[in-house]
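Okay, structure first, notes after.
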Amino acid sequence: MTKRVKIDQLGGEVGERVTIEGWLYNKRSSGKLHFLELRDGSGICQCVVFKGDVSAEIFAKADHLSQETSLRVSGVVREHAKLKGTFEVGVTELEVLATPMREFPISPKEHGTDFLMDNRHLWLRSKRQHAILRVRAEIIAAVRDYFDGNGFTLVDAPIFTPNACEGTSNLFETDYHGDAAYLTQSGQLYMEAAAAAVGKAYCFGPTFRAEKSKTRRHLAEFWMVEPEVAFMDLEGDMELAEDFLVSVVARVLDKRRKELESIERDTSKLELIKKPFPRITYAQAIETLQKAGHDAKHGDDFGGDEETVISNGFDRPVIVHRYPMDLKAFYFKKDPTDPRLALNMDVLAPEGYGEVIGGGQREDDLATLEAAITHHKLPMEAFEWYLDLRRYGSFPHAGFGLGIERTVAWLCGLPHVRETIPFPRMLNRLHP
RNA sequence: UCCUGGAUAGCUCAGUGGCAGAGCGUCCGGCUGUUAACCGGAAUGUCGCAGGUUCGACCCCUGCUCCAGGAGCCA
């Protein structure tokens, strides 16, 4: 019985006889040699079948393997003849577990987006998608470890929510035993309740947006992490966002450098992500845009192009704070030095990846919050529970939300968020 | 919802009002160190769908469907 090993462990087994199980990724042949590239999820290795080492039957079998055949091979591990630090298996036994019933649609050649998205369930097996999945998993692990290790308590927010905070047109409506229920757009309001219970709370889960957005930055279903901290102001919020982002980037560089390099991410750009992040006000951002020739005026919100122009001035994320109240949600606290401004902040990633974090300090005065709800023409009764947080020991607090997919796109250097999530849900795509 | 572009072999694409094409993949053959291997040979089509113009339409016209990029939208 030979030892079963994973491909990423082969380096420690040189000279040993091992068994590996996986799928055929690619094959090259000459008259007396077959080079089988085997993929097992942990990595890819070359398995060499030499005519002189195996029975005629096994050699013939190896000649007729098609892509994605599942295999079990045994042989001795050795260092690659040409590539130092790369290991291969000199095959002595080969067992076919299952032969594909038809040709695997995704060859190692180029394909179009539509075709790949239709075959997303198979596309995930490719080297590039595998690397992205692993970076995504590392980002999520880094996010959880950061909050778990800094005194936060995970408090899960509900997915079904009772009332639309703002119009229902951008929410997915479901039938909840006869009542309308909506898929959550954010767990933030619930985190404010949680912060009063545990002090530092965060939630991590899927969120849903039904708006008909069709851009490289939008998904109908995406994952968001939302911390909320009691007795923290906007300044503390910006410091938290900065410390958190730096920690996540460092973790991914430390643990997933190989994957980033395999997808040709310029990691030197990520090495620059250090504290402190530049901070500019909304007003300064508008000035920057005007100097760059954009006809931006005070009161405009930023689109993708504007965010890129603003962030291009910096080699690390830039924090833009104090937007006009009119552009922001009802729950932001007004700047006491200029009540037309919100105590909010957005973090724009460098290299044109846009907003990855949005957050700020929340309004903690009951009367001011009630006025804001009225001003936004929202149904007061739906927010009674939320207003209770101001009735029973109101407290200054702040938080933010980070979009996982935009972060994955940024760290992996991907032009579109559709490759950052295993099975993207977009305007015109629900399958597979 | 709007603008622009697109749909031809399994995939990526070229094509012209007059016999449907290439590269890759697949299949067969060759080669002892290949790296998206290479060399030789073969098979492969509802030219997105429906209608129209024409002696003749993959090509021109109309409608529709789907996709992509962008805009709007986007606590």
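Order of the sequence lines fixes the chain letters, A, B, ..., with proteins taken first and strands second; residue numbering starts at 1 for each chain.
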Gap between atoms [atom1] and [atom2], on [X] and [N] respectively (whole Å):
X      : N     : atom1 : atom2 : answer
A/I106 : B/G25 : CD1   : C1'   : 13 Å
A/F115 : B/G10 : CZ    : P     : 11 Å
A/E355 : B/A75 : CD    : C1'   : 10 Å
A/E211 : B/A71 : CD    : C1'   : 14 Å
A/N119 : B/C11 : CG    : P     : 9 Å
A/D118 : B/C11 : CG    : P     : 10 Å
A/L427 : B/U1  : CG    : P     : 10 Å
A/H111 : B/G25 : NE2   : C1'   : 9 Å

field: Nearest non-hydrogen partners of A/L36 and A/A62, listed with the distance
entry: CD2-O, 4.1 Å

- prompt: What pair of heavy atoms forms the shortest contact from A/E88 to A/H80, and how long is it?
  reply: OE1-CD2, 3.6 Å

Can you tell me how far [atom1] in [N] sits from the matching atom in [M], rounded to whole Å?
N     : M     : atom1 : answer
B/C47 : B/G40 : P     : 32 Å
B/A68 : B/G15 : P     : 23 Å
B/G17 : B/U65 : C1'   : 26 Å
B/G52 : B/C11 : C1'   : 33 Å
B/U53 : B/G10 : P     : 32 Å

query: What about A/S107, does its side chain sit under 3.5 Å from the base of B/C24 through a donor-acceptor pair?
result: no

message: Please enumerate all residues that pass side chain to side chain donor-acceptor pair (under 3.5 Å) together with A/D338, with sequence neighbours excluded.
response: A/R340

Classify the ring geometry between [X] and [Y] as parallel (under 30°), tilted (30 to 60°) or perpendicular (over 60°).
X      : Y      : answer
A/Y323 : A/F302 : perpendicular
A/Y282 : A/H298 : perpendicular
A/F244 : A/F400 : tilted

query: Which residues in residues 359-375 of chain A have at least one heavy atom lying under 4.0 Å from any atom of RNA chain B?
result: none

message: Using a 4.0 Å cut-off on heavy atoms, which residues in residues 220-241 of chain A reach RNA chain B? List them by number, or say none.
response: none

Chi angles and distances behind the side chain to side chain contact (heavy atoms under 4.5 Å, CB included) call for A/Q361, A/E235: CA-CA 9 Å; A/Q361 189 171 341; A/E235 184 65 21; over 6 Å; no

query: Any side-chain N or O of A/R418 less than 4.0 Å from the OP1 or OP2 oxygen of B/G69?
result: yes

message: Tell me if the centroids of the rings in A/Y190 and A/W385 come within less than 6.0 Å of each other.
response: yes

query: So, A/E228 versus A/Q188: side-chain donor-acceptor pair below 3.5 Å or not?
result: no

message: Checking A/E226 against A/S186: is there a side-chain donor and acceptor pair closer than 3.5 Å?
response: yes

message: Of the options B/C11, B/A75, B/C74, whose atoms approach the side-chain atoms of A/S186 most closely?
response: B/A75

- prompt: Between B/C67, B/G70, B/U1, which nucleotide gets closest to the side-chain atoms of A/D114?
  reply: B/C67

- request: Mind running side chain to side chain contact (heavy atoms under 4.5 Å, CB included) on A/I280 and A/I310 for me, showing each step along the way?
  value: CA-CA 10 Å; A/I280 62 173; A/I310 295 164; 3.9 Å; yes

Ion pair check, A/R28 and A/E37, cut-off under 4.0 Å: yes

message: Walk along nucleotides 26-33 of chain B from 5' to 3' and tag each nucleotide B, S or - by protein heavy-atom contact under 4.0 Å, base first, then sugar-phosphate.
response: S-S--BBB

With A/T92 via side-chain contact (heavy atoms from CB on, under 4.5 Å) - residues at least two apart: A/R17

query: Given the rule in the side chain to side chain contact (heavy atoms under 4.5 Å, CB included) test, do A/K27 and A/H64 qualify, once you have shown the distances and angles that lead to the verdict?
result: CA-CA 10 Å; A/K27 188 186 72 172; A/H64 292 281; 5.8 Å; no

message: Requiring both pairing distances under 3.5 angstrom, list the stems that contain RNA chain B and are made of three or more consecutive Watson-Crick or G-U pairs.
response: B:1-7 with B:65-71, B:10-13 with B:21-24, B:26-30 with B:38-42, B:48-52 with B:60-64

message: Counting the atoms with a prime plus P, OP1 and OP2 as sugar-phosphate, which does A/T113 contact under 4.0 Å by heavy atoms, base, sugar-phosphate, or nothing?
response: nothing

